[in-house]
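First comes the structure, then the notes that go with it.
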Amino acid sequence: MRLSAYFLPTLKENPAEAQIVSHVLMLRAGLVRQASAGIYSWLPLGHRVLNKISDIVREEQNRSGALEMLMPTIQSAELWEESGRYDGYGKEMLRITDRHERPMLFGPTNEEQITQIVRDNVRSYKDLPLNLYHIQWKFRDEIRPRFGVMRGREFLMKDAYSFDVSVDTARIAYRKMFVAYLRTFERLGLQALPMAADTGPIGGDMSHEFIILAETGESAVYCHRDLIELPAPGDEVSYEDDLTPVIEPYISGYAATDEKHDQAAFEAAVPADKRVEARGIEVGHIFYFATKYSEAMNATVATPDGQNVTLHCGSYGIGVSRLVGAIIEASHDDDGIIWPWSVAPFQVGLINLKIADEGCNTMCEDIYARLTAQGIDVLYDDRDERAGGKFSDMDLIGCPWQAVIGPRGVEAGEVEIKNRATGEKETLPLEAAMDRLVSPPPEKK
Ligand code: ATP
Ligand code: MG
């Protein structure tokens, strides 16, 4: 992408309305603009990041065996009356009346909708297990939308729903999602901690929130320090395996986000030198709710012996748009964003220091074409601007690599490359630089 032809409205000053760093940087780097309270337009740069996150989420959901579909944003109130949630959901639900005076709503979540589809189309245990998901906008009329896209009113969520014939197979579905979540967050460059969460009246151990540690997080975190170090299950673990031992260390290592877990339980479980008490951002939530909606909505299947049983269900959310903010909270410095390679809107920022210089142009065009041909997303700053402004914009938007081309380097056949995360700069012969720019820069020591 040539910056001269792009839409990247960056801001020099910190916007007064933003309280936390991710919100400040998302506005300053031209990722989003507020449309109204808690509702945002995604500008081209932000939209690229949102798509990259969605793609990783999608790949890991598919890999676990979940099937993608797409349900509408607008739902009929009737469905929610069937489940008994229409009145109870309260003011967070945006209620709409159509021209025929039919009550509709903008979906805050999709349990009812998916349960209806499965109820009407799945008759036999032979059609199960099923896990269906979509990546779709939700609306919750949050009382205090804040922190930009982190607590919006309209936000993008991946929500999956599993349907099983028994609690035993539902457990398997739950574990698959657990592993898929660990893998997803790792690929996003995040350390997400699975925290036991309240299951309400259903009880049991089958609800976990996935939390990223951040000072500005809204959730309390109590955990064992070792849990923070656990890597996600690698490719040697297959979804065909029994995943019980794989996720066991995450579940048994103490972690909770519930203020109700009192001090005493935490202290009993974790030795003093291993206690972490911190703040975090909830980026995902997995939940087994058994027959809560299927019973109310009469969703059953026939078992091998001809009985009808009520479906066992779980739901599994990931806050896709919240993740953009959460990743920035986890990865930035005073100069701007530092994108992990996997979600960077552009992996390489190419800076032409003198666009009036033919040699600079030729070298930049060559680098731009060759990296692009290798599948690298390059943002080429070909604007007629001062070098200082180009450097600060590039730092602000946070491409993992920067490549700087000036007349002196061109003469020597050299390129200066900068690792955005460490700030380390190197001047390399063109071909050596090309080799470096196609893979992620080395991490901070
Ligand atoms: P929270 O406790 O933060 O209000 P929740 O428990 O109500 O979230 P879930 O119903 O579990 O949210 O939704 C699944 C995921 O959707 C959450 O883990 C979160 O990442 C994301 N999410 C929920 N509410 C919002 C919001 N208002 N803005 C952005 N993302 C959200
Ligand atoms: Mg939740």
Side-chain angles (χ1 to χ4, degrees), residues 20 22-23 26 31-32 34-40 42 46 49-50 53-54 56-57 61 73 85 88-94 106-114 133-161 174 177-178 180-182 184-185 188 190 192-200 202 206-214 216-221 256-260 279-289 292-293 313-330:
I20 61 170
S22 59
H23 190 194
M26 286 184 74
L31 269 64
V32 291
Q34 183 173 302
S36 57
I39 304 179
Y40 289 85
W42 292 79
V49 178
L50 199 61
I53 295 173
S54 300
I56 290 174
V57 169
Q61 290 291 295
T73 53
R85 277 211 288 184
Y89 212 93
K91 284 190 181 297
E92 270 195 17
M93 180 185 279
L94 181 66
F106 197 121
T109 178
N110 287 70
E111 279 84 3
E112 283 77 359
Q113 187 111 65
I114 192 71
Y133 78 96
H134 69 165
I135 300 175
Q136 177 62 294
W137 294 91
K138 307 289 186 284
F139 195 95
R140 294 183 186 173
D141 205 351
E142 299 272 356
I143 186 164
R144 261 186 295 281
R146 57 186 187 151
F147 300 159
V149 300
M150 296 259 249
R151 183 163 299 282
R153 294 198 295 164
E154 189 183 50
F155 59 96
L156 189 60
M157 195 206 283
K158 183 285 300 179
D159 38 327
Y161 303 91
Y174 186 87
M177 278 296 113
F178 198 109
Y181 274 44
L182 292 172
T184 301
F185 295 124
L188 296 174
L190 295 170
L193 299 169
M195 305 260 161
D198 200 359
T199 47
I202 292 150
M206 300 253 276
S207 178
H208 287 86
E209 289 175 2
F210 288 75
I211 310 261
I212 288 166
L213 297 181
T216 49
E218 294 185 277
S219 307
V221 172
T257 181
D258 188 339
E259 267 99 354
K260 277 180 282 178
R279 308 290 307 170
I281 302 163
E282 179 190 324
V283 288
H285 192 170
I286 59 176
F287 195 67
Y288 170 66
F289 50 76
K292 186 169 169 193
Y293 304 100
C313 315
S315 69
Y316 313 88
I318 290 184
V320 176
S321 51
R322 176 178 287 183
L323 272 165
V324 180
I327 289 169
I328 297 171
E329 287 295 324

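One-based numbering along the sequence shown. Just so you know, ligand 1 is whichever comes first in the structure, and atom 1 is the first atom listed for that ligand.
For the side-chain contact (heavy atoms from CB on, under 4.5 Å) test with Ser315, the passing option among Tyr133, Tyr288, Tyr161 is Tyr161; the others fail. Just one of Val49, Ile20, Leu31 meets the side-chain contact (heavy atoms from CB on, under 4.5 Å) condition when paired with Met26; it is Leu31.
Distance alone, capped at 3.5 Å, places no donor-acceptor pair between the Arg151 side chain and the Glu142 backbone.
With distances taken over non-hydrogen atoms, the option nearest atom 9 (P) of ligand 1 out of Arg140, Glu209, Arg151 is Arg140. For atom 18 (O) of ligand 1, the choice among Arg322, Glu282, Glu92 with the nearest heavy atom turns out to be Glu282.
How far CD of Glu209 is from OG of Ser219: 6.0 Å, rounded to the nearest 0.5 Å. Asn110 contributes atom CG, which lies 5.0 Å from atom CG of Asp159 (distance to the nearest 0.5 angstrom). Atom CH2 of Trp42 sits about 9.5 Å away from atom OH of Tyr40, to the nearest 0.5 Å.
Listed by number with element, the atoms of ligand 1 under 4.0 Å from a non-hydrogen atom of Val149 are 29 (C). Ligand-side atoms of ligand 1 in range of Val283: 18 (O), 20 (O), range being under 4.0 angstrom from any heavy atom. In summary, the atoms of ligand 1 found under 4.0 Å from a heavy atom of Met157, numbered by their order in the structure, are 13 (O), 14 (C), 16 (O). The contact set between ligand 1 and Gly284, taken as ligand atoms under 4.0 Å from a residue heavy atom, comprises 18 (O).
Note: no N/O pair closer than 3.5 Å links Ser321 and ligand 1 by distance alone. Considering backbone and side-chain N/O of Phe155, none are found under 3.5 Å from N/O of ligand 1.
Distances shorter than 4.0 angstrom occur between a heavy atom of Met150 and an atom of ligand 1.
At a threshold of 4.0 Å, the pair Glu154-Arg140 does not count as salt-bridged, since none of the basic side-chain nitrogens sits closer than that to a carboxylate oxygen.
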